[in-house]
There are 2 protein chains.
Amino acid sequence: MVKSQTLVLDRTFAALSDPTRRALLARLDEEDSVSISELARPFPVSLPAIMKHLDVLEDAGLITREKTGRTVNCQLIAQPMQEAVAWLNRYERFWNKQLDRLTAFVERDQPPTKKARKK
Amino acid sequence: MVKSQTLVLDRTFAALSDPTRRALLARLDEEDSVSISELARPFPVSLPAIMKHLDVLEDAGLITREKTGRTVNCQLIAQPMQEAVAWLNRYERFWNKQLDRLTAFVERDQPPTKKARKK
DNA sequence: CTAATACTTAACCCGATGGTTAAGTCTCAG
DNA sequence: CTGAGACTTAACCATCGGGTTAAGTATTAG
């Protein structure tokens with residue numbers, strides 16, 4: 001069931017790379033279980049376009065769909081995002097380092113008595 | 001200079017959706033400032049293919065290139081990743097919730113303490 | 001039963017992506 | 001000066017992604 005892990009990241013990041021898809025997820029974040037037509041309503045694109053986005057999100061394991069009568073309700077699954085964050089956190093020390101450098105730079109300027117340097 | 005923020009996320013996530021690109025970043029994580037040909041060597045694709053990946057990474061603001069003589073050195077810029085993480089963390093409570101449910105399930109057999117459990 | 005509602009599927013467009021090979025530029029060693 | 005090394009650019013190709021319109025399938029309200 002490992003499903004190549006790398007493939008999971010591929011699909012997760014790809015799914016997140018589209019603003020419409022991120023907006024759909026955001027909607028499912030504030031209200032779980034939303035029907036497809038309600039999900040689609042705010043967007044200026046056709047329903048089939050939204051369907052495709054939902055397909056992508058489902059393939060990435062970021063949502064599930066559940067049919068009830070003629071309506072289909074979607075809900076968010078956050079776990080793949082967590083894995084994405086886990087991958088990204090590998091670089092945390094890196095941006096901390098850069099932040100530290102910035103902090104050091106800013107703090108060095110505190111006493112304005114020394115000679116001014118530029119750039 | 002805001003560059004639409006949403007566009008930044010688009011490009012960051014898109015850049016991260018390719019395993020070759022993630023591997024390139026990983027390489028730049030363990031060793032900063034690596035030449036293009038050295039970066040390319042481990043991969044079974046042509047140099048121009050790697051060049052295109054580097055273009056994507058640069059457009060996403062994830063690397064910089066610096067020419068020295070006839071070689072070009074690349075280095076990682078982690079900040080866009082940090083913004084990606086910031087976006088993803090919006091869903092943190094979501095996977096915590098799911099984790100809590102799991103925790104509750106596991107701890108069901110223990111005497112229910114009224115006191116707040118550990119954060 | 002009929003018709004509206006809520007999706008779903010199919011067929012098509014077109015620009016972006018990831019790869020190729022081939023040729024071009026620039027730099028440095030000899 | 002010449003040639004090898006390190007990119008860079010160009011041209012091309014196949015597939016994918018995001019969008020469309022149009023038609024099809026269930027379900028359910030009347």
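All values reported here derive from a predicted model rather than from experimental measurement. Letters A, B, ... mirror the listed sequences (proteins, then strands); counts begin at 1.
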Checklist line | Listed nucleotide nearest any side-chain atom of A:Ser37, set C:dT20, C:dA6, D:dA22 | finding: C:dA6
Item checked: Contact under 4.0 Å: A:Arg21 side-chain N or O vs D:dG18 OP1/OP2 -> yes
Checklist line | From C:dG19, D:dT21, C:dC7, nucleotide with atom closest to A:Ile36 side chain | finding: C:dC7
Checklist line | Shortest side-chain distance from A:Lys52, nucleotide among C:dG19, D:dT21, C:dA11 | finding: C:dA11
Next item on the list: Please tell me which of A:Pro48 and A:Asp18 maps to the more 5' nucleotide of DNA chain D, matching each residue to the nucleotide holding its nearest heavy atom.
Entry: A:Asp18
Note to self: Between P on C:dT8 and CG on A:Asp55, what's the gap in Å once rounded to a whole number?
What the structure shows: 9 Å
Margin query: Minimum heavy-atom separation for B:Ala60 and B:Arg11, please, with both atom names.
Written below: CB-O, 3.7 Å
Next item on the list: List the atom of A:Leu62, the atom of A:Ala15, and the distance in Å for their closest heavy-atom pair.
Entry: CD1-CB, 3.8 Å
Next item on the list: Measure the distance from CG on B:Leu47 to C1' on C:dG19 and round it to the nearest whole Å.
Entry: 13 Å
Next item on the list: State which of C:dG18, C:dC7, D:dC7 makes the closest approach to the side chain of A:Ser35.
Entry: C:dC7
Next item on the list: Please state whether the phosphate of D:dA6, meaning OP1 or OP2, lies under 4.0 angstrom from any side-chain nitrogen or oxygen of B:Thr71.
Entry: no
Notebook entry, point to check: Think A:His53 has a side-chain N or O under 4.0 angstrom from the OP1 or OP2 of D:dG17?
Noted result: no
Margin query: Heavy atoms from C-beta onward define the side chain here; which of D:dT20, C:dT8, C:dT20 lies closest to that of A:Met51?
Written below: C:dT8
Note to self: What is the separation between atom CG on A:Asp59 and atom P on D:dC16, rounded to the nearest whole Å?
What the structure shows: 13 Å
Next item on the list: Compare the minimum distances between each of C:dA4, C:dT20, D:dA4 and the side chain of B:Arg70, then state the nucleotide with the smallest one.
Entry: D:dA4
Notebook entry, point to check: Separation of B:Arg22 atom CZ from C:dG18 atom P, in whole Å?
Noted result: 12 Å
Note to self: Restricting to salt bridge (Lys or Arg N to Asp or Glu O under 4.0 Å), what partner residues turn up for B:Asp29, sequence neighbours left out?
What the structure shows: A:Arg93
Margin query: What's the separation between atom NZ in A:Lys67 and atom CG in A:Asn73, rounded to the nearest 0.5 Å?
Written below: 12.0 Å
Notebook entry, point to check: With a 4.0 Å cut-off on heavy atoms, is A:Ser46 in touch with a base, just the backbone sugar-phosphate, or nothing at all?
Noted result: base
Check: Could you state the CZ-C1' distance from A:Phe43 to D:dG18, rounded to the nearest angstrom?
Finding: 14 Å
Check: Does B:Asp18 pair with B:Lys52 as a salt bridge, N-O distance under 4.0 Å?
Finding: no
Next item on the list: For A:Ser17 and for A:Thr68, locate the closest nucleotide of DNA chain D by heavy-atom distance; then report the residue assigned to the nucleotide nearer the 5' terminus.
Entry: A:Ser17
Next item on the list: Take atom CG of B:Leu54 and atom P of D:dC7, then tell me their distance rounded to the nearest Å.
Entry: 10 Å
Check: Once you round it to whole Å, what is the distance between P of C:dT17 and CG of B:Leu57?
Finding: 13 Å
Notebook entry, point to check: How many Å lie between CG on B:Asp10 and C1' on C:dA16, as a whole number?
Noted result: 14 Å
